[in-house]
Amino acid sequence: MAASVTDRFLRYVVIDTQSDAASSTQPSTEKQKNLGRLLVEELLEIGISDAHLDEHGYVYATIPSNTVKNNVPVICLCAHMDTAPDFSGTNVKPQIVRNYQGGDIRLPGDPSQVIRVADHPVLKDQIGNDIITSDGTTLLGADDKAGIAEIMAAAGLLVNNPDIRHGTIRILFTTDEEIGRGVDKVDLKKLGADFGYTMDGETAGTVEDETFSADAVEIAIKGVAIHPGFAYGKMENAIKIAAAILEHLPKDMGPEMTKDRDGFIHPVNVSGTMEKAKLSFIVRDFTEDGLKSKEALLEEITKKVMQGYLGSSYTFTVREQYRNMKIVLDQHPEIVANAMEAIGRAGMTPARGSIRGGTDGSRLSFMGLPCANIFAGGHAFHSPLEFVSSQDMERAVKTIVELAKLWEERA
Ligand SMILES: [Zn+2]
């Protein structure tokens with residue numbers, strides 16, 4: 001098994017699957033299908049005969065139930081094939097530090113890239129493990145090819161060990177998760193699952209049942225434009241109004257000043273002329289109330305600033321992006337309970353966490369497939385310092401197998 005999950009991972013990371021937010025197609029980049037085709041081929045080799053790639057680049061496959069019980073919930077295992085646009089995923093050259101003995105890891109392709117223990121204290125838990133990194137010139141793609149490799153290895157194990165009893169398991173590999181479109185074209189009816197797990201978390205042993213709730217806010221300002229030579233007492237420059245709004249944002253409420261369970265208000269774009277200006281924000285919080293109060297605060301600031309510009313006007317538009325999946329998961333406590341138990345049976349101390357972001361699972365949960373997020377073992381996502389250990393990926397494979405057994409046992 002050790003060779004299997006790591007070998008798979010090393011095969012998948014060399015395939016460039018970077019997604020592209022600027023593209024309007026699905027998948028956003030055609031190259032994501034190269035990995036999809038390989039995965040289908042490997043699933044067919046394992047003996048999963050319905051494995052296929054659909055026209056949107058998703059991979060669907062079914063591990064048939066092998067239990068006499070007919071009331072075992074259908075479980076979906078999900079991971080995403082794309083890698084983040086933040087850093088190059090072309091020509092990934094994976095490196096393995098075998099039997100890691102501590103200390104910083106300098107990456108051979110770019111000696112300025114060093115995975116430092118001071119920045120990544122989780123390295124201290126990796127002593128004796130085999131750590132996989134990129135050569136420093138690209139990201140590694142453990143996010144989320146570790147999750148893909150783990151699901152593939154677990155599928156192989158389940159199919160080849162019929163003594164392990166389990167219900168129907170549906171595999172779903174998505175495209176374009178990193179650009180927020182991971183589940184846009186998922187056919188939930190075809191998937192036919194009751195509950196799901198994304199294998200897309202970080203530290204071994206963790207299950208995440210919470211994501212941010214997320215809105216986008218746009219403030220459009222209309223100023224009073226006039227020839228600067230005749231402007232005295234009349235001009236109201238929309239650029240300056242926009243700047244005043246930004247200046248009044250609470251300093252302690254930006255992403256750079258918040259952590260753990262704090263939300264934030266974060267300007268992501270400014271554009272403007274004297275006549276009109278536009279401010280785009282993302283607002284994040286774990287609770288609906290927190291989200292609403294941050295938006296109210298933002299509008300309050302805008303109103304106050306506008307009081308100094310009586311000839312100008314503004315519009316304030318809130319657009320929902322995604323919601324904290326905990327709202328859905330709390331209605332089905334067995335999803336997280338079984339994941340925690342499986343992690344324990346796989347030899348780890350389970351820990352429950354929250355994600356300062358969203359996942360495919362947060363959206364799937366609200367589309368009707370409640371989905372928690374299980375660790376995949378990777379660290380330092382979206383950067384050339386990304387790393388994952390073989391041993392943590394093996395722990396994830398064990399967790400999936402135990403999870404499959406648990407749903408059957410408890411049915
Ligand atoms: Zn991911």
Side-chain angles (χ1 to χ4, degrees), residues 5 8-9 12-13 15-21 26-29 31-32 35-36 39 57-59 76-89 92 94 120 122 132-134 138-152 154 171-184 186 196-212 214 284 321-322 324-325 339 353-365 369 371-389 392-393 395-397 399-400:
V5 67
R8 286 181 191 281
F9 178 72
Y12 307 153
V13 292
I15 300 173
D16 183 358
T17 56
Q18 191 177 48
S19 49
D20 175 10
Q26 176 101 18
S28 65
T29 51
K31 61 190 176 186
Q32 293 179 64
L35 177 57
L39 293 171
Y58 295 129
V59 174
C76 172
L77 299 172
C78 178
H80 64 90
M81 294 183 283
D82 65 317
T83 62
D86 312 57
F87 208 84
S88 171
V92 173
H120 304 277
V122 287
I132 308 171
T133 68
S134 77
T138 66
L139 48 66
L140 174 63
D143 177 14
D144 187 22
K145 286 163 185 168
I148 303 252
E150 290 153 8
I151 293 172
M152 291 292 290
I171 293 171
L172 172 67
F173 296 138
T174 61
T175 58
D176 294 332
E177 190 267 357
E178 298 289 3
I179 56 170
R181 301 183 210 154
V183 297
D184 280 5
V186 167
Y197 296 94
T198 49
M199 299 297 297
D200 197 15
E202 299 192 44
T203 307
T206 53
V207 188
E208 291 156 325
D209 63 346
E210 264 206 289
T211 57
F212 271 144
R284 301 289 187 260
Q321 291 184 310
Y322 57 84
N324 186 344
M325 61 189 182
S354 36
I355 311 165
R356 292 178 64 80
T359 60
D360 275 348
S362 45
R363 289 188 56 212
L364 285 171
S365 292
L369 179 61
C371 251
N373 189 38
I374 295 180
F375 73 93
H379 298 280
F381 286 174
H382 303 191
S383 88
L385 304 180
E386 208 184 351
F387 64 94
V388 65
S389 72
D392 283 350
M393 288 195 287
R395 289 186 178 100
V397 176
T399 301
I400 296 172

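As a basis for the values below, the full set of heavy atoms in this structure was taken, side chains included, without hydrogen atoms, waters or symmetry mates. Please read all numbers here as calculations on a predicted model, not as lab measurements. Counting convention: from 1, in listed order, for ligands and their atoms alike.
Side-chain contact check for D82 and T17: no donor-acceptor pair (N or O, by modelled atom type) lies under 3.5 Å. Using modelled atom types and a 3.5 Å distance limit, the side chains of Y58 and Q32 yield no donor-acceptor pair. A donor-acceptor pair shorter than 3.5 Å cannot be found between the side chains of Q321 and R363.
Taking backbone and side chain together, E177 holds no N, O or S atom under 2.8 Å from the Zn ion (ligand 1).
When the Zn ion (ligand 1) is compared with the N/O/S atoms of D143, atom OD1 turns out nearest. The name of the N, O or S atom in H80 nearest to the Zn ion (ligand 1) is NE2.
In terms of modelled atom types and a separation under 3.5 Å, the side chain of H120 and the main chain of V122 share no donor-acceptor contact.
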